[in-house]
Each structure stands twice: as C-alpha cells, then as structure tokens.
Engineer: 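The following block contains the structure, expressed as structure tokens.
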Amino acid sequence: MPPSKTILTSISILSSLTLLVHLLTSCAPYIEPLFGRCLLPRSLTPEDIHTGLPLLDRLTCALAAFYTDAHASPLGLLSLQFILNVFASTIFFVHVEGSRRGAAWTLLACTPLAGFVCTVVGGIGVYMPLMLVPLLTRRRSIEGSSRANAVPLPRVCALLVALLVNVGVQTLAFVKPEDTAFLGRAVACSVLYRHLAWFLYTPLTVVFEKVLLALVLTEQQQDVAARRILVRVFYLLAGLNAGVHVVSLMVFWQSGTTRQQVAEVFGYSFRAQHADASSAYYLLWDTIGASWGALLWVVSDTGSWLEALLFLVLAPVVSPVSAMMMHAARREDKFLERFSRKYDNKAKLQ
C-alpha cells in the first residue's frame, strides 16, 4: 500500500534537503571560491559581465562556470545534457500544472518562484522534491473535477510558444561552448526565461483568446481540444527526450571514458583538484534528484506501486524525464476520457 500524503510529502522534502546539504558540502572546494567570486558584494571582473544587469550577471557568472566546466569532460557534458533535458520538459509541466483552473491563486501558479528555486536554491533536482511534489500531492483532490483540472485552450497555445522559446534557449548552451562570452549570454537568457516565462505566456494567452473568439468554439470544445494537444505534446516530449538520451549515451560510450575515470569523480579529493569533476558531480546528482522527484510524483499521483515499477523500468531506457512525460500524457488522456464521457452524457440529456 502506498504511503499517505503526509508521509510522502515528508519523505520528499527531507530527501530534497538532504540532497542540497550533500551537494553544498561535497562540492564545497568548487562552490565556495565560485560563489566568492560571483555572489559576494564586490565588482565582477569584465569577463563575468554579460548583460550589464548586476543581479543577473552575478547569477550568470555562477551558472556559466558550471556549464563551461561541464563541457570540459565527457561525463560533465553528459550530465549537462541530462539536466537541460529535464529542465525544459519539467518547466513546461510546471507551467501546465500551474495553469489548471483549480490551481489559480496557489503556489503552483507562481511559476517565477519555481525559476527562483531552480536557479538560486540548488537546481531542478532540489526544486522537484522540495516544492513540486508536495504541492501536487496536496492539490490532487481537485483532479476529480473536470473543470478544475482543465487548462484553457488559449493558455495551452501560449504555453506551446513558451516551450519553443525554452527549448531554443536551452539549445544555445551547446552552440558555441568554447566561446565563454557567448555561453555566458546563453546562460543569462536561460536565467531570464526561468524567472520571466510567466510574463511571456500570460500576455500571449490574452492574444490567443482574441484569436479563438473568431472560431466560435464552446468552452467544452475548447477544453477537449486543449487536453488533446497536451496529450500529444507530452508524448512528443517523451519521444524527443528518449532520442536525446540514447544519442547522449552513445556519444559518451564512444568518448573512451573508463569506469575508473567515472569512479574518480565520486572521490572528494579528486573533485577538489579538478573543477570539471565537481561540475559533473553536481549536475549528475541534480539529475538524480529530479528523477527521484519524478518517481515520487508518479507514486503520489497514482497511489500505485505498479506505476512506480513501470517508471523505474522505463527511466534507464528512455530517461527519467521521458518516463515522467509518458505518465503525464496517460494522466491527461484519462482526464480527457472522463471529461468526454461527461460531455457526451450531457449532450444526450439535452
């Protein structure tokens, strides 16, 4: 029998805090000088200034170092690809969940907060078990209501535009990895998107509302169309992530990295002497934390150990985020079936 909501939430939060403490202590020789250079109240060096905005440049300075050092080793590059795949799909999922009618005026709808936690507190691997899983677990009661769990069609269209922007921004990190100035600007764009995505898709929602008025669709027809789009997009993200996952692993295996070299990254003294190892280690654990958060969400959403087992089987093969997107698609499809049945019954009564 699955654990209760309270126990699951407690496990999720405690595991997130444990991961955060572990990352900060195990990577201290790498993080402390980096934070001292980028975040302490002193002037940044000219090469660390990418936008001219002081706060954004300080955040970019710290994150760009992770990206640059990750590109220095095959394991670091693999970890970076993993975490960026997780981020793009998960943030879209967060935007969808925060846009459901029943989530209005909740912390889920406050997507800039998610961007802040992902950027400043510890990463997506800390955010998911710390905030996303507890919020979704507490909000599960609204999912019995077809109206409450619906995402308006104009918002879905706006989120698709935001998703394309997000994918484009994340891809920039791989365009010119050797150009530190370009990479810094790419990271700055990523940081801006995390915090300002709400200000992109909210006005776009109004625009699409005006466009959809011309189609003369009823609210029920719009809800059906919105759910169908979400099912397809979740499956599309699952497929894309699976493809990137397989290609990334193939490139890593062909790089000639030995097991001993991978094992060395987990040694504290080795990481203290090699910046790229600390970056790879941090990003790898960030990916593990996000995968753990996805697993906890599947358990809390379904209350089924069988679904959790299916996730664990799929995760190594197609990637954890792909397995998560598959579950999100099946879940949205169930919402659609329930809503369509209810809609058809009403039509028959009329």
Side-chain angles (χ1 to χ4, degrees), residues 1-20 22-23 75 78-94 96-97 122-137 140 143 231 234-250 252-253 259 262-263 265-266 280-334:
M1 185 174 179
S4 66
K5 288 183 180 180
T6 303
I7 294 175
L8 194 64
T9 299
S10 300
I11 292 172
S12 186
I13 293 174
L14 287 174
S15 62
S16 175
L17 295 176
T18 301
L19 174 62
L20 179 59
H22 171 70
L23 289 174
L75 181 61
L78 179 68
S79 301
L80 180 61
Q81 290 169 331
F82 279 173
I83 201 63
L84 291 183
N85 287 346
V86 170
F87 182 83
S89 298
T90 303
I91 288 299
F92 174 73
F93 175 76
V94 170
V96 169
E97 293 303 311
I124 193 97
V126 172
Y127 164 74
M128 287 182 68
L130 180 65
M131 290 189 62
L132 182 60
V133 173
L135 289 173
L136 289 175
T137 301
R140 210 177 80 195
E143 292 179 357
V231 170
F234 282 137
Y235 274 129
L236 176 63
L237 288 174
L240 291 174
N241 279 300
V244 173
H245 177 75
V246 172
V247 172
S248 299
L249 287 175
M250 289 175 63
F252 175 72
W253 288 332
R259 294 180 184 177
V262 173
V265 173
F266 290 84
Y281 184 81
Y282 193 103
L283 294 173
L284 187 60
W285 272 105
D286 199 19
T287 305
I288 293 171
S291 305
W292 170 245
L295 173 61
L296 290 177
W297 171 65
V298 170
V299 174
S300 70
D301 181 66
T302 61
S304 168
W305 290 118
L306 188 60
E307 287 288 340
L309 180 61
L310 177 62
F311 177 90
L312 291 172
V313 170
L314 288 174
V317 180
V318 298
S319 82
V321 69
S322 185
M324 177 184 173
M325 291 299 103
M326 287 181 185
H327 178 76
R330 292 196 302 272
R331 171 174 172 256
E332 199 68 39
D333 199 34
K334 289 178 182 177

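In this chain, residues are counted from 1 in sequence order. Because only heavy atoms are used, hydrogens play no part in the values below, and waters and symmetry mates are left out as well, while side chains stay in.
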Engineer: Can you give me the closest heavy-atom contact between Pro320 and Phe311, atom names plus distance?
Structural biologist: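 Pro320 and Phe311 have their closest heavy atoms at O-CE1, 3.5 Å.
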Engineer: Hey, mind stepping through Asp333 and Tyr235 against side-chain contact (heavy atoms from CB on, under 4.5 Å) and telling me if it holds?
Structural biologist: CA-CA 11 Å; Asp333 199 34; Tyr235 274 129; 5.8 Å; no
Engineer: Taking all non-hydrogen atoms of both residues, which atom of Ser16 and which atom of Leu130 are closest, and how far apart?
Structural biologist: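 The pair with the smallest heavy-atom distance is OG-CB, 3.1 Å.
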Engineer: Looking at CG of Asp286 and CE of Met128, how far apart are the two atoms once the value is rounded to the nearest 0.5 Å?
Structural biologist: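 CE of Met128 is found 10.5 Å from CG of Asp286.
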Engineer: Would Tyr127 and Val94 count as a side-chain contact (heavy atoms from CB on, under 4.5 Å) here? Give the steps.
Structural biologist: CA-CA 11 Å; Tyr127 164 74; Val94 170; 3.7 Å; yes
Engineer: What distance do Thr302 atom OG1 and Lys334 atom NZ have between them, rounded to the nearest 0.5 Å?
Structural biologist: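 Between Thr302 OG1 and Lys334 NZ, I get 7.5 Å after rounding to 0.5 Å.
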Engineer: Any chance you could lay out the side-chain contact (heavy atoms from CB on, under 4.5 Å) test for Leu314 and His327, step after step, and finish with the verdict?
Structural biologist: CA-CA 11 Å; Leu314 288 174; His327 178 76; over 6 Å; no
Engineer: Could you grab the distance from atom CD1 of Ile91 to atom CG of Leu132, nearest 0.5 Å is fine?
Structural biologist: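 Spacing of CD1 (Ile91) from CG (Leu132) equals 9.0 Å.
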Engineer: In Å and rounded to the nearest 0.5 Å, what is the CE to OG1 distance from Met324 to Thr90?
Structural biologist: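 Met324 CE to Thr90 OG1: 4.5 Å, rounded to 0.5 Å.
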Engineer: Where do Ala329 and Phe234 come nearest, in terms of heavy atoms and distance?
Structural biologist: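 Heavy-atom minimum between the residues: CB-CB, 3.6 Å.
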Engineer: Where do Pro129 and Pro134 come nearest, in terms of heavy atoms and distance?
Structural biologist: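 Minimum heavy-atom contact is O-CD, 3.4 Å.
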Engineer: I'd like to know whether the aromatic ring centres of His245 and Phe82 sit less than 6.0 Å apart in this structure.
Structural biologist: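 Yes; Phe82 has its ring centre under 6.0 Å from that of His245.
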Engineer: Please test Met326 against Val318 for side-chain contact (heavy atoms from CB on, under 4.5 Å), starting from the C-alpha separation and ending with a verdict.
Structural biologist: CA-CA 10 Å; Met326 287 181 185; Val318 298; 4.2 Å; yes
Engineer: Do the non-hydrogen side-chain atoms of Asp301 and Leu136 ever get within less than 4.5 Å of each other?
Structural biologist: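 No, too far: nothing below the 4.5 Å cut-off.
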Engineer: Between Ser89 and Asn241, is the side-chain hydrogen bond (donor to acceptor under 3.5 Å, both in side chains) condition met? List the steps.
Structural biologist: CA-CA 8 Å; Ser89 298; Asn241 279 300; 2.7 Å; yes
Engineer: Looking at Leu78, Leu284, Thr287, which one forms a side chain to side chain contact (heavy atoms under 4.5 Å, CB included) with Ile83?
Structural biologist: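 That would be Thr287.
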Engineer: Rounded to the nearest 0.5 Å, what separates atom CD1 in Ile11 from atom OG in Ser300?
Structural biologist: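 Rounded to the nearest 0.5 Å, the CD1-OG separation comes out at 11.5 Å.
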Engineer: Could you check whether any side-chain heavy atom of Leu295 comes within less than 4.5 Å of a side-chain heavy atom of Trp292, counting everything from C-beta outward?
Structural biologist: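 They are in contact (side-chain heavy atoms under 4.5 Å apart), so the answer is yes.
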Engineer: Where do Phe252 and Val262 come nearest, in terms of heavy atoms and distance?
Structural biologist: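 Answer, listing the atom of Phe252 first, then Val262: CZ-CG2, 4.0 Å.
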Engineer: CG of Leu80 to CZ of Phe87: how many Å apart, nearest 0.5 Å?
Structural biologist: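 Reported value, rounded in 0.5 Å steps: 12.5 Å.
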Engineer: Do you know which two heavy atoms are closest between Leu23 and Tyr282, and how far apart they sit?
Structural biologist: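 Between these two residues, the closest heavy atoms are CB-CE1, 3.6 Å.
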Engineer: Can Arg331 and Glu307 be counted as an ion pair, charged N to O under 4.0 angstrom?
Structural biologist: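 Salt bridge between Arg331 and Glu307, a charged N being under 4.0 Å from a carboxylate O: no.
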